[in-house]
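Computed over heavy atoms, backbone and side chain alike; hydrogens, waters and symmetry mates excluded. Labels below follow one simple rule: chain letters A, B, ... track the order of the sequence lines, proteins then strands, and each chain is numbered from 1.
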There are 2 protein chains.
Amino acid sequence: MKHLPHKTIERLSQYRRALLICAAKGKAHIFSHEIAKIQHITPVQVRRDIMLIGYTGTLRKGYNVQELIDLIGDIIDTKEGLNVAIVGIGNLGRAMINYFNGKRTKLSIVAAFDSNPDKVERAFSGVKCYHIDQMGEIIKNENISIGIITVPAGAAPEITEKLVNSGIKGILNFTPKPVNVPSRIYLEEYDMITSLEKIAFFVKTHA
Amino acid sequence: MKHLPHKTIERLSQYRRALLICAAKGKAHIFSHEIAKIQHITPVQVRRDIMLIGYTGTLRKGYNVQELIDLIGDIIDTKEGLNVAIVGIGNLGRAMINYFNGKRTKLSIVAAFDSNPDKVERAFSGVKCYHIDQMGEIIKNENISIGIITVPAGAAPEITEKLVNSGIKGILNFTPKPVNVPSRIYLEEYDMITSLEKIAFFVKTHA
DNA sequence: TACCCTTTGTTAAATTATTAACAATTTTCT
DNA sequence: AGAAAATTGTTAATAATTTAACAAAGGGTA
């Protein structure tokens, strides 16, 4: 299989989540237009994405829900799963942990870090919190490959550097401050304010 | 001015934030490559975005920081500002409120809603929480145009419907469940799990 | 002055992403 | 059997986005 576009990867993740819900309801097959409806996109796009991963449905029944779930899993997940750490146990950090607890996934948050002594050595929704200075050690011992940054913006560069030095492979930065990482590390950044300002712009102009 | 691309709007919001920091440091002028460095993009893209909004820098000094901030404000903000409500006072909802409190911006979170009686009538970081049943009334009285959904996924469709019926203009949905809105309403959705799974994929394939 | 360096503004090209179009296939109905 | 309807898979077309290329301008310097 050749390159899968970034956007396709994102949609596959979302298809899988929708499919898992369908599977739980006992639905065995699904049509492209049904998936499309759930995700507010076009059926063509769904078929195209599915084509790109080399799966084939049947003409009258559509796609086999479980097969598609499994195939997307083969593409996105690693067999053993990946371990995740969260840095910064504020409201956002706790939200992430809670968010994850329900889901069954190949990604597990296995450690948290914070600089506040009141938080270290405590567990948050089952995830133990360590002091930031222990980051290098824990990340290596626990084989953690992804770090989520949910600290205040000012601390982001320093935390990023620590994560990079600890041998992390991917980073999700939720602070509004863009951070720099070596090109071997995959970086994703999301900024809530930007999302809101974008909505504001379109509300304003569409009015 | 003609259509500004979505991506340009997102970047303008980010440029402005970077520029505000520069201005606070007393920097009066900035080059496209400096902005680009901060945002990890190319200088050409910065110049192109700035061209699209009709601003012009000077050849030897670059762009005037304050002028650019003001112009981006003219584009993104409304003069009087927009009011925002947050629905669901869990960790994520509180994170959003805290996030906003520091920033000076034309968007203000003026109300929160929750179904938990222990939370209603309380204030969270200065934002008063009402019962969900009061949504229609409060949104009209407070002239709220944007709603942020931070409830558990299962409740998302019902909350969305209430927001729509209350006359909201834009929605930011943080639940993993895609919601349906009439086309007159601007909808933005963000799903943390998708972001993480995307990172996982690239960590896996880039290894 | 004449040349070099830097930076903007902008057009053109390339790339990426989405949408349209449609042949092929299977089922259902008459 | 033959026609009609629905759906997939795929190629072609379109649209959106990014990147490249480069002329023009200004300032420094020998």
| Residue list, ring-ring contact (aromatic ring centres under 6.0 Å, His included) with A/F31, at least two apart or on another chain | A/H33

| Test log, rule side-chain contact (heavy atoms from CB on, under 4.5 Å), inputs B/K198 and B/I193 | CA-CA 8 Å; B/K198 189 178 167 192; B/I193 305 276; over 6 Å; no

| Between the side chains of A/Q66 and A/D70, does any donor sit under 3.5 Å from an acceptor? | yes

| What is the distance from NE2 of A/H6 to C1' of C/dT18, rounded to the nearest Å? | 17 Å

| task | Anything under 4.0 Å to a heavy atom of chain B counts; send over the first and last such nucleotide of DNA chain D, read 5' to 3'. | result | D/dT17 to D/dG27

| field | Listed nucleotide nearest any side-chain atom of B/Y63, set C/dT11, C/dT8, C/dT18 | value | C/dT8

Identify all side-chain donor-acceptor contacts of residues 149-160 of chain B below 3.5 Å with residues at least two apart in sequence or on another chain.
from   : atom 1 : to     : atom 2 : distance (Å)
B/T150 : OG1    : B/V87  : O      : 3.1
B/T150 : OG1    : B/G88  : O      : 2.7
B/T160 : OG1    : B/A156 : O      : 2.7

| field | Euclidean distance, atom CZ of residue A/R47 to atom C1' of C/dA24 [Å, nearest integer] | value | 13 Å

| When we call it a touch if two heavy atoms are under 4.0 Å apart, what does B/T8 touch: a base, just sugar-phosphate, or nothing? | nothing

| query | How close or far is atom C1' of C/dG9 from atom OH of B/Y55, stated in whole angstroms? | reply | 14 Å

| query | Looking at residues 37-46 of chain A, who's got a heavy atom less than 4.0 Å off DNA chain C? | reply | A/T42, A/V44, A/Q45

| message | Rounded to whole Å, please give me the gap between NE2 in A/H29 and C1' in C/dT26. | response | 14 Å

| field | Spacing of A/K61 atom NZ relative to C/dT28 atom P, expressed in whole Å | value | 11 Å

| query | Can you tell me if A/Y190 and A/S195 form a side-chain donor-acceptor pair at under 3.5 Å? | reply | yes

| said: Between P on C/dG9 and CD1 on B/I35, what's the gap in Å once rounded to a whole number? | reply: 11 Å

| message | Taking side chain to side chain donor-acceptor pair (under 3.5 Å) as the cut-off, I'd like each qualifying pair that reaches into residues 71-84 of chain A, sequence neighbours left out, listed once. | response | A/R16-A/D77

Under 3.5 Å, sequence neighbours excluded: what are the donor-acceptor pairs made by side chains of residues 126-137 of chain A?
from   : atom 1 : to     : atom 2 : distance (Å)
A/K128 : NZ     : A/E121 : OE1    : 3.4
A/H131 : ND1    : A/D133 : N      : 3.0
A/H131 : ND1    : A/D133 : OD2    : 3.4
A/Q134 : OE1    : A/H131 : N      : 3.2

| request: Go through the side-chain N and O atoms of A/Y15 and A/Q39 and say whether any donor and acceptor fall under 3.5 Å apart. | output: no

| message | Is the shortest side-chain heavy-atom distance between B/I89 and B/F113 below 4.5 Å? | response | no

| message | Categorize B/T56 for me: base, sugar-phosphate, or nothing, with a 4.0 angstrom heavy-atom threshold over every strand shown. | response | sugar-phosphate

| Taking CD1 from A/I9 and C1' from C/dA17, how many angstroms apart are they, rounded to a whole number? | 14 Å

| request: Could you state the atom-to-atom distance from CD1 of B/I50 to C1' of C/dG9 in whole Å? | output: 11 Å

